[in-house]
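Before any comments, here is the structure.
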There are 2 protein chains.
Amino acid sequence: MANEKVTSNDVARLAGVSQSAVSRFFTPGTSVSKRTAEKIKAAAEQLGYRPNVLARSLITGKSRIIGLVVAYLENYFYPDVVERLSRSLQDQGYHVLVFISSLAADKVEEITQEILDYQVDGIVLASANMSSELAARCHASGVPIVLFNRLQDDERLSAVTSDNLGGGRLLACHLIETGRRKLAYIAGFEGASTQRDRERGFLEGLAEGGLRLFARDVGNFRYEEAQAAARRMFSGTERPDAVFVCNDHMAFAVMDVLRFELGLKIPHDVSVVGFDDVPPARWPAYDLTTIRQNVDDMVAETVNILLTAIEERDTPARRICLDGALVVRGSTASVDINS
Amino acid sequence: MANEKVTSNDVARLAGVSQSAVSRFFTPGTSVSKRTAEKIKAAAEQLGYRPNVLARSLITGKSRIIGLVVAYLENYFYPDVVERLSRSLQDQGYHVLVFISSLAADKVEEITQEILDYQVDGIVLASANMSSELAARCHASGVPIVLFNRLQDDERLSAVTSDNLGGGRLLACHLIETGRRKLAYIAGFEGASTQRDRERGFLEGLAEGGLRLFARDVGNFRYEEAQAAARRMFSGTERPDAVFVCNDHMAFAVMDVLRFELGLKIPHDVSVVGFDDVPPARWPAYDLTTIRQNVDDMVAETVNILLTAIEERDTPARRICLDGALVVRGSTASVDINS
DNA sequence: ACAAAAATTGCATACGTATGAAAGGCTAGG
DNA sequence: CCTAGCCTTTCATACGTATGCAATTTTTGT
């Protein structure tokens, strides 16, 4: 009801000190005498005063806001990222401003402008493509950027990823070791670096085993499109005996089609592997063999890069690539089942 | 590299006009002559100028930031909410600042303080409890609040919910109609209004059908705890023949235990129903009968309440309760299976 | 107890923008 | 051609805080 914005001046007046004293009291790293500190504390509590972050940011040049660009939260991987990233930044006194972008690249440009309008101290780009030109612009504005779970050619951009190449290779080896020979791949969105690298690693693994890719289709990271891809891929007479689906989210769709539409047994008739290790992957209904992305470490590295870049400018860009572990579950055959 | 913050003054100088002119050009609803508008536009583009939202908010008193408090994103329902809410607000020129809260109520207090520090124009509380005292404080600070998917006794708080009572009742009726008699319930977090109302509705539905609750346990909205509850509930010799799990997320856990640990057939041996209709509910692996919460409408109402309250203060609190539809799927038996 | 050094405090200004009031420029009506 | 009225523009100030500088107080060492 009563909309009394209480300012540092009000507190100062009540406490009988100057406004600067109040400001100093609330600014970490500055000193005030014990006596005035107590007077200010009492006055502030009485009035319910808290410093205005926005006004503060105007003068310090730091907003303590991190912009997060995400394209879609449909895939369980990203909510998890949002939660952990947000928690981690909160602990450091920062907060996350969310920007949902379309997959279209032109929208990303518009959105990045909006982000900069908010004077964010840093930007995390997850699941969004960014033109080099735009990257340059952000770089010029002095705002540190971290690409999360994707790579860009631009050397000036920091990035945190899992070892998608190695992961893809691990999966190929695992499938071959368990006796599979007709290996197929269902791709994500072709523009994504994760898609590209996972596929490349998979193909390398195949080549090392002396195999060629048996079939390929595209699911664009969407459940429904992955279903369609699975239908196409398994409708013929010559079926793959194993399929790597570019992420878990799509793998669930593929498994559902194989089991409930085509009546195939997993892993007896066909092995399925995914990537990410989102929570449903370990739920018994799916029990999916996959590569675990270490979200905790990825987030920690992201926060680390951002905060150091914020504190001392002109930090060189860093590229962090974290290992992912193969998690073997029931969706891939052990050898004896195969015999 | 070059960190040139370009201000309205820079633009004014280049365009040969006053700073106020530049400000007016960028403030919708104000008028500038065509001639100067063009000069300003050219200068602004040349310098890459964009108004500083934070500085603007200092003087207008509007930050165009909405604080969103969420406890956990584990349940698919909330990522969906975050995405739609964020999109919807973005379209209106607002943006979402995320605050992850623990389930503990004391943390919510701390977090709400932090929110207010950012001078948000409004707050959406999803999956978080808020003390009345705290609610009063927010109310006093003049910041409109909407409780999303929960209710509070405090009359001054606006809230948007589904008809949890009616939904619970619908489910009871559905289970009874399909021939089930030993109906059980697995509860969410006891402090949540959704939990309370869904259970109450369910019990009312039972009573109307002349039945009493057969068994009850608690899952606290968590996958693992719901698993444990299911194990306890179905370990005895006298088993329920149907169970309503307070939300879909927990229902998946229950289904997984019933099928893969206890070897029960759904719906032949036991029917399972949930609440929310999150995406996996319609995936064939679960194919869960549930109550659909209309997230789109809930979000639309939330945004509507917020924006009207922001525009004209002293808007009375509103409570919106939206109908949820029963979505019948394969996890409940049709009569003939039962015979 | 006194001077010097250190710590604290207040004053004034700046951050980047919006906006009321005043001044200037233009149009139109007689 | 003059003046009343309207549209533009500028001037000045305010938003709430942080901070360099100078003034003042306290502490320290001898």
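In what follows, every chain begins at residue 1, and chains take the letters A, B, ... in the order their sequences are listed.
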> Side-chain N or O of A:T27 less than 4.0 angstrom from OP1 or OP2 on D:dA18?
Replying inline: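 True: A:T27 side-chain N/O within range (under 4.0 Å) of D:dA18 OP1/OP2.
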Would you indicate what [X] reaches in the nucleic acid, counting non-hydrogen atoms under 4.0 angstrom: base, sugar-phosphate, or nothing?
X	result
A:S20	base
A:V22	nothing
B:T60	sugar-phosphate
B:T7	sugar-phosphate
B:T36	sugar-phosphate

Calculate the interatomic distance between [X] atom [atom1] and [N] atom [atom2]; express it in whole Å.
X	N	atom1	atom2	value
A:F25	D:dA18	CZ	P	13 Å
B:R24	D:dT9	CZ	C1'	8 Å
B:K39	D:dT9	NZ	C1'	11 Å

Donor-acceptor pair, [X] side chain versus [Y] backbone, under 3.5 Å?
X	Y	result
B:S88	B:L85	no
B:D121	B:I66	no
A:Q119	A:G61	no

Sub-4.5 Å side-chain heavy-atom contact between [X] and [Y]:
X	Y	value
B:L58	A:L58	yes
B:D80	A:E74	no
B:M298	B:S162	yes
A:D117	B:N52	no
A:Y94	A:R64	yes
A:L68	A:V70	yes
B:K62	B:I310	yes
A:L307	A:Q92	yes

> Can you give the first and last nucleotides of DNA chain C, 5' to 3', that have an atom under 4.0 Å from a heavy atom of chain A?
Replying inline: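 Counting from the 5' end, contacts occupy C:dT8 to C:dG16.
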>> Based on the rotation axes of five pairs at each end, what angle does the helix from C:dA1-D:dT30 to C:dG30-D:dC1 bend through, to 10°?
In response: 30°
> Going by number, which of residues 44-58 of chain A have a non-hydrogen atom under 4.0 Å from DNA chain C?
Replying inline: A:L58
